[in-house]
Amino acid sequence: MTTETMARTGTYEGMFLVSQAAASQFGDTLTHINELFGRANATVVAMKKWDDRRLAYEIDKQKRGVYILAYFTCPTDMVGRLERDAQISSKILRLLVIKADHLTDEEIAAHDERRALADEAKLRAERAESEEDESSGRVRLGAPEQQAPAEPEAAEDSAADESSDEN
């Protein structure tokens, strides 16, 4: 036997509650959650967006939140570190971690929607970018838009109306 002891590893279920402000930058939030897992030496098995809801009570002045469900394997002594890092985080409102002994590997794998999360993050980023372009007063390059010339008949009718008003 070697002098090194193998750390016990467990399978866990984590429910992250993320603020709406953090959810508006969904890609950054997912990256942040993955960084938290990395610091805890955890391996993500499955992750999905669970729901976007109104909260029963305000948390840090937030009335709505996005729930992200993750299944991961992690050394048992590092779970506390993950929870502590989540408490310190400004993007994560709450984190609940429980053992996932009640689920089989197939059931956990069925919850893996990381591709859908990446797609949603991309769509949210594109939508935010287009809204920013529309709302900003940026100068647009190129020639100004041409307005269609008024029809000659309409111009003659308005001239006739003006001359009849003078009489």
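Heavy-atom basis, side chains included; hydrogens, waters and symmetry copies ignored.
If you take NZ on Lys48 and CD on Glu120, they are separated by 13.0 Å, rounding to the nearest 0.5 Å. Atoms CG and CE, from Leu17 and Met15 in turn, are 9.5 Å apart once rounded to the nearest 0.5 Å. Between atom CZ of residue Arg53 and atom OH of residue Tyr67 there is a gap of 7.0 Å, rounded to the nearest 0.5 Å. Rounded to the nearest 0.5 Å, atoms CG (Asp85) and CE (Met78) are 8.5 Å apart.
Residues Arg124 and Ala23 share a closest heavy-atom pair of NH1-O, 2.8 Å. Looking at every heavy atom in both residues, Ala40 comes nearest to Pro75 through O-CD, 3.9 Å. For the residue pair Ala46 and His111, the shortest heavy atom distance occurs at CB-C, 3.9 Å.
Linking ILVMFWY side-chain heavy atoms closer than 4.5 Å, directly or via other members, places Leu69 and Ile59 in a single hydrophobic cluster.
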Kindly indicate, with the supporting measurements, whether the criterion side-chain contact (heavy atoms from CB on, under 4.5 Å) is fulfilled by Thr9 and Thr76.
CA-CA 6 Å; Thr9 304; Thr76 55; over 6 Å; no

Working note: Thr73 + Val45, criterion side-chain contact (heavy atoms from CB on, under 4.5 Å); need CA distance, chi angles, decisive distance, verdict.
CA-CA 7 Å; Thr73 58; Val45 178; 4.0 Å; yes

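Other cluster members for Val18: Tyr12, Phe16, Phe26, Leu30, Ile33, Leu36, Phe37, Val44, Met47, Val66, Ile68, Phe72, Val79, Leu82, Ile92, Leu95, Val97, Leu117, joined by side-chain heavy-atom distances under 4.5 Å among Ile, Leu, Val, Met, Phe, Trp and Tyr.
Using a 4.5 Å heavy-atom cutoff, the side chains of Arg64 and Leu55 are not in contact. A heavy-atom distance below 4.5 Å is found between the side chains of Glu126 and Lys122.
Sorted by first then second residue, the side chain to side chain donor-acceptor pair (under 3.5 Å) pairs that include residues 22-44, not counting sequence neighbours, are His32-Ser89. Identified under the salt bridge (Lys or Arg N to Asp or Glu O under 4.0 Å) test for residues 93-113, with sequence neighbours left out: Asp112-Arg114.
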